[in-house]
Amino acid sequence: MIDLKYLQNNFEEASRKLQKKGVDAAMLEQLKTLFLSLKDANAQLEALKAEQNSLSKLFGQCMREGTDASALKITLDANKEALVPLQEKAREAEAALATVALSVPNFPDESVPEGADENDNVELRKVLVPRVFAFEPKEHWALAEVNGWIDFERGVKLAKSRFSVLRAEAARLERALINFFLDTNAKKGFEELCVPFINNAAMLQGTGQLPKFEEDLFKVEGEDLYLIPTAEVPLTNMYHDEILTEKELPILMTGYTPCFRKEAGSAGRDTRGMIRQHQFDKVEMVAIAHPEHSDEVFEMMVQNASDILSALGLPHRVVQLCGGDLGFSAAKTVDLEVWLPGQNKYREISSISNTQDFQARRAKIRFKDGSKNSFVHTLNGSALAVGRTLVAVMENYQNEDASIEIPEVLKKYM
RNA sequence: CGGGAGAUGUCAGAGUGGUCGAAUGUGCCGGUCUUGAAAACCGGUGAGGGUUAAACCUCCGGGGGUUCGAAUCCCCCUCUCCCGGCCA
């Protein structure tokens with residue numbers, strides 16, 4: 001959630017920033033109005049409550065002393081009734097504010113380039129040079145078919161479209177990649193966690209998936225629970241509603257989880273192969289950082305993910321997202337795109353974001369900042385998306401006969 | 001899933017209608033003492049909102065109710081612990 005006091009006091013600046021994300025000023029104007037009317041409703045309510053509290057104390061005193069208090073009682077009764085509509089008004093104001101406030105995206109960081117969509121993203125660097133093939137490289141689904149690695153039909157039978165089954169070497173490679181990622185992250189200081197794959201609604205609101213993106217989530221019927229769309233949700237919310245000490249920061253966490261997404265808006269995109277599935281494996285990094293140091297942590301996370309790709313010998317490029325392409329919670333995002341020779345293009349394999357205090361404010365994650373409490377910065381990033389890495393390994397390590405080499409660093413994991 | 005007990009500040013644990021945001025102990029921070037430390041003693045120490053600062057409002061698992069007034073009484077929910085069943 002954005003800082004509403006900041007919005008109130010720096011309206012022009014705030015709305016200029018959010019224009020980068022395509023939020024129109026009218027919505028912010030409405031938000032500001034709702035915020036002010038909440039404050040107003042609360043002020044009225046509290047003033048009457050204060051009066052009622054002090055008169056009640058007086059009444060109690062009269063009771064103890066046996067003094068007559070019937071006049072006082074009349075006032076008290078009247079106030080009590082007057083309190084009801086004020087209470088209702090305050091409650092309504094709060095609900096109205098929440099519905100809007102929780103759906104307003106984060107401010108982009110000052111460093112984020114202007115732009116409308118992915119075409120305006122800025123390539124920061126390329127790492128490793130794509131291999132030159134002496135033959136026409138195949139796409140991963142063709143390789144999978146020859147090798148019997150991915151059973152798309154039976155995945156659909158077991159669940160529905162966009163589900164698949166890994167078989168034989170592919171299943172083992174998937175497991176090897178997970179282990180390799182976790183070990184590498186651990187070496188960089190990330191604590192490995194194994195977390196619930198189902199989280200409650202409050203957690204999903206904390207990281208920003210709810211209330212706005214409910215249609216992207218698989219919900220557990222009859223329960224206040226959702227399958228997680230990313231380990232970012234449980235890892236970040238580990239410290240939901242907690243106050244940390246400054247010296248604990250930064251907290252670095254990593255975890256492997258499957259991720260579940262409805263892909264509601266992706267009809268017709270990547271229908272072939274396993275680039276876009278309803279369930280996929282991912283190893284995630286999450287950091288809870290001091291606001292003054294979150295940029296350094298961010299760079300470290302980008303470098304770590306890039307290093308993992310390099311260790312696997314996978315060519316990739318590092319791309320900074322423009323304002324229009326930033327996700328809802330992100331203030332700043334860098335994507336890593338891996339080279340897929342079969343598709344002859346770079347495809348996203350990792351996305352590293354600094355949400356600054358946006359999630360911290362929603363999830364109430366704070367730290368003792370001297371005598372007061374301040375919001376931490378939260379960061380998240382894939383290191384890496386396992387299924388897409390498998391695809392990248394297949395396409396980059398293919399031979400002319402469609403056999404696939406195992407990258408050197410993975411051999412000890414196989 | 002059935003039976004019992006419980007949920008209070010860092011933790012432990014009092015508190016059954018007003019003087020309780022909350023005893024006491026503990027932890028933590030500061031001070032005195034000490035060559036230094038420990039012990040002892042003194043002081044401070046929850047959160048959110050609000051304000052220039054205060055005042056003030058809210059919070060004793062969550063929600064609702066009774067009352068002029070609720071940590072305390074009533075109802076619902078959740079969670080935890082113990083016993084039993086089931087089970088990886």
Side-chain angles (χ1 to χ4, degrees), chain A residues 1-10 31-98 100-102 194-206 210 219-226 234 237-249 251 258 288 357-376:
Chain A
M1 193 157 77
I2 60 167
D3 184 348
L4 295 175
K5 269 189 219 167
Y6 170 79
L7 178 72
Q8 183 198 336
N9 298 324
N10 308 278
L31 185 58
K32 185 180 165 184
T33 306
L34 288 169
F35 181 55
L36 292 175
S37 48
L38 173 64
K39 284 174 73 160
D40 182 55
N42 275 337
Q44 286 182 43
L45 176 65
E46 283 174 18
L48 187 56
K49 272 189 180 171
E51 187 189 343
Q52 188 74 339
N53 285 345
S54 68
L55 292 182
S56 278
K57 239 171 220 174
L58 199 60
F59 185 86
Q61 202 179 330
C62 290
M63 291 290 98
R64 277 195 303 284
E65 292 166 359
T67 330
D68 174 60
S70 51
L72 193 51
K73 180 76 164 64
I74 291 169
T75 312
L76 282 165
D77 285 341
N79 277 359
K80 194 183 177 183
E81 266 184 58
L83 225 39
V84 176
L86 287 182
Q87 208 123 35
E88 190 51 36
K89 198 172 141 199
R91 202 177 310 202
E92 279 168 12
E94 193 168 353
L97 177 68
V100 178
L102 288 173
C194 188
V195 293
F197 302 161
I198 300 176
N199 282 193
N200 62 47
M203 301 305 115
L204 284 135
Q205 184 176 104
L210 288 179
K219 188 176 195 309
V220 179
E221 189 179 347
E223 305 265 2
D224 181 39
L225 296 169
Y226 298 81
N237 282 294
M238 277 289 292
Y239 297 97
H240 189 106
D241 202 12
E242 293 194 24
I243 298 167
L244 302 159
T245 60
E246 195 168 349
K247 64 180 173 210
E248 286 177 89
L249 304 177
I251 296 172
I288 311 284
D357 64 1
F358 185 81
Q359 291 179 327
R361 191 169 256 114
R362 291 176 155 242
K364 300 196 210 45
I365 308 173
R366 293 156 293 177
F367 71 101
K368 276 276 170 219
D369 189 5
S371 61
K372 65 179 179 22
N373 299 319
S374 298
F375 290 108
V376 297

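We name chains A, B, ... by the order of the sequence lines, and we start the count at 1 in each one. Everything numeric in this text was worked out from a predicted model, so none of it was measured. Atoms considered below: every heavy atom in the structure, side chains included; atoms not considered: hydrogens, waters and symmetry mates.
Crowding of E65(A) atom CD: a count of heavy atoms from other residues, nucleotides or ligands under 6.0 Å exceeding 12. In E51(A), the CD atom is crowded: over 12 heavy atoms of neighbouring residues, nucleotides or ligands sit closer than 6.0 Å. At most 12 heavy atoms of other shown residues, nucleotides or ligands fall within 6.0 angstrom of atom NZ in K57(A).
The distance from atom CE of M63(A) to atom P of rU67(B) is 16 Å, rounded to the nearest whole Å. Protein atom CG of D241(A) is 11 Å distant from nucleotide atom P of rG62(B), rounded to whole Å. Between the C1' atom of rA70(B) and the NZ atom of K49(A) lies a distance of 14 Å, rounded to the nearest Å. In this structure, the CD atom of E65(A) is 16 Å from the C1' atom of rC68(B), given to the nearest Å. One can place CG of L83(A) at 13 Å from P of rU66(B), the figure rounded to the nearest angstrom. Here rG62(B) presents its P atom at 17 Å from CG of D224(A), a figure rounded to the nearest Å. Nucleotide rU78(B) holds its P atom 13 Å from the CG atom of L225(A), rounded to whole Å. The CD atom of E246(A) sits 16 Å away from the C1' atom of rC28(B) (whole-angstrom rounding).
Comparing atom distances between the R91(A) side chain and each of rG64(B), rG50(B), rG69(B) picks out rG64(B) as nearest. With rC68(B), rU51(B), rU19(B) as the choices, the nucleotide that has an atom nearest any side-chain atom of R64(A) turns out to be rU19(B). Closest to the side chain of E46(A), out of rA47(B), rC68(B), rC56(B), is rC56(B).
Within 4.0 Å of K364(A), counting heavy atoms only, lies no atom of the nucleic acid at all. Among the heavy atoms of the strands, none lies under 4.0 Å from K372(A). In this structure, N373(A) reaches the sugar-phosphate backbone alone: every heavy-atom distance under 4.0 Å involves primed, P, OP1 or OP2 atoms, never a base.
Here, rA22(B) and rC60(B) have their C1' atoms 8 Å apart, quoted to the whole Å. The same atom, C1', is picked in rG21(B) and in rA70(B); the two are 14 Å apart, to the nearest Å. The separation of rC42(B) from rG25(B), taken at their P atoms, amounts to 10 Å, rounded to a whole angstrom. Rounded to a whole angstrom, the distance from the C1' atom of rG85(B) to that of rU66(B) is 40 Å. Nucleotides rG4(B) and rC76(B) have their P atoms positioned 14 Å apart, rounded to a whole Å. Nucleotides rA40(B) and rC77(B) have their C1' atoms positioned 50 Å apart, rounded to a whole Å. When the C1' atom is used for both rG84(B) and rC28(B), the distance is 44 Å, rounded to whole Å. Taking atom C1' on both nucleotides, rU67(B) is separated from rU52(B) by 39 Å, rounded to a whole Å.
The two residues R362(A) and G206(A) make their nearest non-hydrogen contact at CB-O, 3.3 Å. Summarising the geometry of I288(A) relative to Y239(A), their closest heavy-atom pair is CG1-CD1, 4.2 Å, with the distance given to 0.1 Å.
Nearest-nucleotide mapping onto RNA chain B: of L76(A) and R366(A), the residue sitting toward the 5' end is R366(A).
Between the K219(A) side chain and the E223(A) main chain, a donor and an acceptor come within less than 3.5 Å of each other. Of the possible polar contacts, one joining the N200(A) side chain to the M203(A) backbone as a donor-acceptor pair under 3.5 Å is found.
Within the 4.0 Å cut-off from OP1 or OP2 of rU66(B), not a single side-chain nitrogen or oxygen of K80(A) is found. Here K73(A) reaches the OP1 or OP2 of rC68(B): one of its side-chain N or O atoms lies under 4.0 Å away. Note on K368(A): every side-chain N or O is 4.0 Å or more away from OP1 and OP2 of rC28(B).
At least one side-chain heavy atom of K49(A) sits less than 4.5 Å from a side-chain heavy atom of Q87(A). Proximity of K368(A) to N373(A): side-chain heavy atoms (C-beta onward) are separated by under 4.5 Å at one or more points.
The residues K372(A) and D369(A) are annotated as salt-bridged, a charged nitrogen and a carboxylate oxygen being separated by less than 4.0 angstrom.
In this structure, rA70(B) makes no Watson-Crick or G-U wobble pair, since no nucleotide meets both defining distances under 3.5 angstrom. rU10(B) is unpaired under the criterion used here, namely a Watson-Crick or G-U wobble arrangement in which both key atom distances are under 3.5 Å. With a cut-off of 3.5 Å on both pairing distances, rA53(B) has no Watson-Crick or G-U wobble partner at all. The partner of rG43(B) is rC29(B), judged by Watson-Crick or G-U wobble contacts that both fall below 3.5 Å. Applying the Watson-Crick and G-U wobble criteria (two distances, each under 3.5 Å), rA88(B) pairs with nothing in any strand. In this structure, rG2(B) forms a base pair with rC83(B), meeting either the Watson-Crick or the G-U wobble geometry with both donor-acceptor distances under 3.5 Å.
Of the residues in residues 50-61 of chain A, those placing a heavy atom less than 4.0 Å from an atom of RNA chain B are A50(A), Q52(A), N53(A), S56(A), F59(A), G60(A), in numerical order.
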